[in-house]
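As structure tokens, the structure follows; a few thoughts come after it.
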Number of protein chains: 2
Amino acid sequence: MTESIRATEEAAPSSTSSASSLRIAVLDRDSGFIQVLSKRLDRLGWEHRVLGSPVPTDAVASMRLSALVVDLAVLGPQAWEWLERLCGALPELGVVVCTGPSTVAQRVRGLRLGADDWITKPCHPEEVIARVQGVARRRRRPTSRTESKPMMAGEVEIRSDRFQAFVDGHSLDLTRREFELIELLAAAEGRVLEREEIYSRLWGYAMVRGDRSVDVFVRKLRQKLEKASPQWRYIHTHFGIGYRFAAESLEVVGLDVPSSVPVGWNTGDQSELTGTQQDRELAAGAL
Amino acid sequence: MTESIRATEEAAPSSTSSASSLRIAVLDRDSGFIQVLSKRLDRLGWEHRVLGSPVPTDAVASMRLSALVVDLAVLGPQAWEWLERLCGALPELGVVVCTGPSTVAQRVRGLRLGADDWITKPCHPEEVIARVQGVARRRRRPTSRTESKPMMAGEVEIRSDRFQAFVDGHSLDLTRREFELIELLAAAEGRVLEREEIYSRLWGYAMVRGDRSVDVFVRKLRQKLEKASPQWRYIHTHFGIGYRFAAESLEVVGLDVPSSVPVGWNTGDQSELTGTQQDRELAAGAL
DNA sequence: TTCTCCTGTGAACATCCTGTGACCATTTGC
DNA sequence: GCAAATGGTCACAGGATGTTCACAGGAGAA
């Protein structure tokens, strides 16, 4: 089998968009605490930044955080006011107060003002993380399929909120599996996905050798794409490996290389992949 | 599919923290704690009940709680398992663990399993209340009834303040569940809602595989809608996924030319109107 | 080149999904 | 308490979807 392609291909599906990665900020001056916490956050792969002094609400807003960990001591006498303003202005932001010893009244006040949790120092970074995670988990309500913007590739629009793909506003009438397949392929646009990976991500378990389900669904998808968008090719076969999604127009006659229109947010590195001749030849016959 | 008919716009999900009356349960045996807490809850006007021993998940579900305060000590060695099952089945329920001294690892475990907060006894009832309030505040998603404007879709007017839908000023006589269903669907107008999501948002806990309740209520709803507004179709089935709410008119544009078929609707659709409602777009090429 | 393996394809087959009516349990109103 | 309304379960039927199979032709390797 052509090891060359296998090598260029991304080894790990890694992406694992299981949403466990968060973006948070820590407003604190306790260097020891920050250091330990940052280390843990790094290891988790969470984006994070440390703020040494109070920042205005709109600055926090522009960071697009999942959650903010704040030591009220840093805020000084303006703490309550700042907290109230922040929570009022950014109701979607998770706010975790992590501060020194406090009275019940203070904690109640903080929580009433909009804080989502209150941790008393000294505390273990793991507990901070667990609580931040809990806050973010609860916050993230509407982010299921609602907010996911539709993907465009060539003439095809893939709308997750409708479990359907459209060309020129006209539905492709994809079944559920067909849609899951095109969604998966399009999300990995430009990358070659192995059959085994496609299968395991759609069916949820490992593919048995010889199973042709993926091929069959690729054919169904190609048929529907061909019918709705005859001037484009979307799914390209990589012999011995799997499939790659990339919208390529057939209309360009004067060029030896078909123009490729990638989806906006995913920077596919198809350059190295298209270098192999297998792709060229198969792509001609394939949709 | 006709994108054109979008009668209402999404109401802003700005859930206010106003409606402060909650329904909670306390699973604990610490009589002193219970007594003090109950007193405070009474004064706040929160509905609450005290449970002395572990109850099965579906029993908790039937209580329709906003939040549950639980001392893990009552649960004994099964505590983690119980907690995990509960939080898994009732993702909408706020769970506040309020228990004796614990290790960091225990707290992290509890929070990871789905608990929304963890309070260490001894604690002040006011803090318990503040944290329960915080949890419930974040959990609550439905827009408050009084503020939400009535929704219009096709000929149907959905009035949340009356828990009822109307056509031409005439009530559809929807039952509570039927109304909750149409309200949910209409609020997500144009989007496909999965059966599991519909179920969990109406019933408050996870749908078991094979449950047909959603289908049955969709049928009841369709019957009443069909009777009151025969010229429109509102609920569309998406095979293998769920349902989508969108008002679509069946009315022939030119009544003086009855023989003409409206653009976008084939004869198959028309002929089926007399019989069972096969308005399912998945079957029709008109999508 | 030949040979072997892989993929495209159409169709048959099995499975799952949904609409539907009937039935039972529980709640609500009187 | 009774009766009606409401919520929920069940089984059946028809159809949409998913899976398997056999065959043909192409791609890669020796």
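From a predicted model like this one, the values you see are computed outputs, not experimental measurements. Note that these values count all heavy atoms, side chains included, but never hydrogens, waters or copies made by symmetry. Letters go in sequence order (proteins before strands), and every chain restarts at 1.
- Summarising the geometry, the separation between CZ on A:Phe179 and C1' on D:dT17 is reported as 17 Å, rounded to the nearest angstrom.
- Close to C:dT18, at under 4.0 Å from its OP1 or OP2, lies a side-chain N or O of B:Arg195.
- Candidate nucleotides D:dG18, C:dG8, D:dG8 were compared by shortest atom distance to the side chain of A:Arg177, and D:dG18 ranks first.
- Side-chain contact between A:Val214 and A:Trp203 is present, with at least one heavy-atom pair separated by less than 4.5 Å.
- Note on A:Gln223: every side-chain N or O is 4.0 Å or more away from OP1 and OP2 of C:dT9.
- Rounding to whole angstrom units, CE of residue B:Met207 and P of D:dG8 are separated by 14 Å.
- Here the side chain of B:Thr175 is nearest to one of D:dG15, D:dT6, C:dG19, namely D:dT6.
- Between B:Trp203 and D:dG7, a side-chain N or O to OP1/OP2 separation shorter than 4.0 Å is absent.
- In the set D:dT9, C:dT18, D:dT6, the nucleotide with an atom closest to the side chain of B:Thr237 is C:dT18.
- One can place CZ of A:Phe239 at 7 Å from C1' of D:dG26, the figure rounded to the nearest angstrom.
- Among the protein residues, B:Val216 comes within range of the nucleic acid bases, having at least one heavy atom under 4.0 Å from a base atom.
- Computed from coordinates, the A:Ile235 CD1 to C:dT7 P distance equals 15 Å when rounded to whole Å.
- If you take CZ of B:Arg209 and P of D:dT9, they are 16 Å apart, rounded to a whole angstrom.
- Across the protein-nucleic acid pair, B:Phe217 atom CZ and C:dT20 atom P stand 16 Å apart, rounded to whole Å.
- Not one side-chain nitrogen or oxygen of B:Arg212 sits closer than 4.0 Å to the OP1 or OP2 atom of D:dC10.
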